[in-house]
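Just so it is clear, the structure is predicted and the values come from calculations on it, not from any experiment. For ligands, and for the atoms within them, numbers begin at 1 and follow the listed sequence.
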Amino acid sequence: MKNNRLYQPSYIKEILDKFNFSFSKALGQNFLIDGNIIRKIVEGSNITKDDVVLEIGPGFGTLTEELAMKAKKVISVEKDRRLIEVLDYTLKDYDNVEIINNDILKENIREIKDKFSPERKLKVVANLPYYITTPILEYLIETKECIESITVMVQEEVARRMVASVKDKDYGSLSIYMNYNSNAEIIAKAPKQIFMPSPKVDSAVVKLVLEDKDYGVNEELLFKLIRSGFTKRRKNILNSLTTGFLEINKDDLKEILDELDISTNNRAENLTLEDFVNITKKLNYD
Ligand code: SAM
């Protein structure tokens with residue numbers, strides 16, 4: 001345990017002065033200044049001394065430090081070159097942290113896993129830069145065979161959409177995408193005041209435990225269908241699914257919906273993942 005905990009606002013201010021650092025809005029730099037939420041993130045991610053953690057956007061290293069105390073190794077990918085010398089300073093006491101100066105979307109996650117954690121899947125933990133939350137989550141999920149879980153701070157509204165189920169008002173294509181790939185839950189709420197600078201909206205921590213369920217379905221067609229349904233979400237599914245991305249014959253779709261006992265008056269928001277999977281299977285194979 002070191003003398004200064006990085007999340008202490010006084011220490012953050014000291015670092016800001018020492019490095020003459022100014023926050024970049026464009027890079028989504030809202031740094032955590034609250035020890036409680038950091039503890040909740042770390043506890044929620046269930047890290048042990050056997051785990052290699054992939055962190056996205058370490059900032060000043062606040063969360064990184066707490067992760068380094070718990071994990072075997074922490075690989076932190078930071079896009080902002082200015083932060084590299086700051087991190088060298090703030091994390092100098094930890095020999096199990098590796099900082100990579102890159103855009104996470106350009107990193108090869110499979111290579112990181114093979115190099116640093118060949119025996120075990122990675123655990124991803126981050127206070128995400130909000131301007132690219134969805135691209136980062138999609139990028140991580142594309143390599144889900146390398147990742148056991150993803151514990152991330154996101155905007156509260158995004159968190160609600162990620163975990164929503166069919167009857168919730170926040171239910172949409174993101175909810176279905178998360179449901180298809182993982183078991184998702186909100187593990188903590190975070191008011192905007194615990195960030196420096198404060199963002200405009202509150203946040204929440206979501207934990208995704210990745211799952212490799214085989215739905216036996218053409219994924220491309222499934223997600224085109226879901227996108228089509230939610231892009232025209234006010235229309236009934238007979239109309240929303242037969243226009244836009246897909247060229248499905250209305251009579252064919254009506255027959256499929258009748259066979260599946262799904263009313264044509266439904267909107268996409270009334271359909272579960274299983275409904276979309278069943279429709280896709282019928283479109284593809286029948
Ligand atoms: N982890 C720190 C904390 O909680 O105090 C900082 C979190 S801040 C919300 C997001 C961090 O992600 C910033 O350090 C920012 O520079 C970094 N970042 C932004 N875009 C990135 C990208 N494409 N790849 C990697 N890091 C990125």
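- Using a 3.5 Å distance cut-off with no hydrogens or angles, the side chains of Y94 and T64 do not pair a donor with an acceptor.
- Under the 4.0 angstrom criterion for non-hydrogen atoms, L63 is not in contact with ligand 1.
- Contact annotation: the side chain of L54 never approaches that of E107 to less than 4.5 Å [non-hydrogen atoms, C-beta and beyond].
- The proximity of P58 to ligand 1, defined as any non-hydrogen pair under 4.0 Å, is limited to the backbone.
- Given atom 24 (N) of ligand 1, the protein heavy atom at minimum distance is I104 N, 3.0 Å.
- Heavy atoms of N127 found under 4.0 angstrom from ligand 1 belong to the backbone as well as the side chain.
- A salt bridge links K254 with D258: the distance from a Lys NZ or Arg NE/NH1/NH2 to an Asp or Glu carboxylate oxygen falls below 4.0 Å.
- Distance from atom 17 (C) of ligand 1 to its nearest protein heavy atom, with residue and atom name: E78 OE2, 3.4 Å.
- At a 4.0 Å heavy-atom cut-off, ligand 1 touches L128 through the backbone alone.
- Here the rule is ring-ring contact (aromatic ring centres under 6.0 Å, His included) with Y177, and of F223, F276, F230 only F223 fits it.
- Only the backbone of N102 comes within 4.0 Å of ligand 1, judged by heavy-atom distances.
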Does E66 form a side chain to side chain contact (heavy atoms under 4.5 Å, CB included) with I41? I'd like the steps, not just the answer.
CA-CA 10 Å; E66 305 295 315; I41 298 173; over 6 Å; no
Pair up each side-chain donor or acceptor in residues 266-273 with any protein partner under 3.5 Å, not counting sequence neighbours, and list the distances.
| residue | atom | partner | partner atom | Å |
| --- | --- | --- | --- | --- |
| N266 | ND2 | S263 | O | 3.1 |
| R267 | NE | R234 | O | 3.2 |
| N270 | OD1 | R267 | N | 2.8 |
| T272 | OG1 | E274 | N | 3.4 |
| T272 | OG1 | D275 | N | 3.1 |
| T272 | OG1 | D275 | OD2 | 3.3 |

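- L32 N, 2.9 Å is the protein heavy atom nearest to atom 5 (O) of ligand 1.
- Using a 4.5 Å heavy-atom threshold, the side chains of P197 and N30 count as touching.
- Atom 26 (N) of ligand 1 has as its closest protein heavy atom K79 N, 3.3 Å.
- The side chain of Y131, and not its backbone, has at least one atom closer than 4.0 Å to an atom of ligand 1 (non-hydrogen atoms only; side chain from C-beta on).
- For M153, no heavy-atom contact with ligand 1 is shorter than 4.0 Å.
- Residue, atom and distance of the protein heavy atom nearest to atom 23 (N) of ligand 1 are D103 OD1, 2.9 Å.
- Using a non-hydrogen distance threshold of 4.0 Å, E55 registers as a contact of ligand 1.
- The salt bridge (charged side-chain N to carboxylate O under 4.0 Å, His left out) analysis of residues 40-53, with sequence neighbours excluded, yields the pairs D51-R120, D51-K123.
- Scanning all protein heavy atoms for the shortest distance to atom 1 (N) of ligand 1 gives G57 O, 2.8 Å.
- Looking from atom 8 (S) of ligand 1 to the surrounding protein, the closest heavy atom is G28 O, 3.4 Å.
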Give the intermediate values and the outcome of side chain to side chain contact (heavy atoms under 4.5 Å, CB included) for residues K232 and N239.
CA-CA 9 Å; K232 302 198 174 58; N239 289 321; over 6 Å; no
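- Side-chain contact check for K282 versus E255: every heavy-atom pair is 4.5 Å or farther apart.
- Atom 18 (N) of ligand 1 has its closest protein heavy atom at P129 CG, 3.8 Å.
- Counting heavy atoms from C-beta outward, L87 and S76 have side chains that stay 4.5 Å or more apart.
- L105 does not count as a contact of ligand 1, since none of its heavy atoms falls under 4.0 Å from the ligand.
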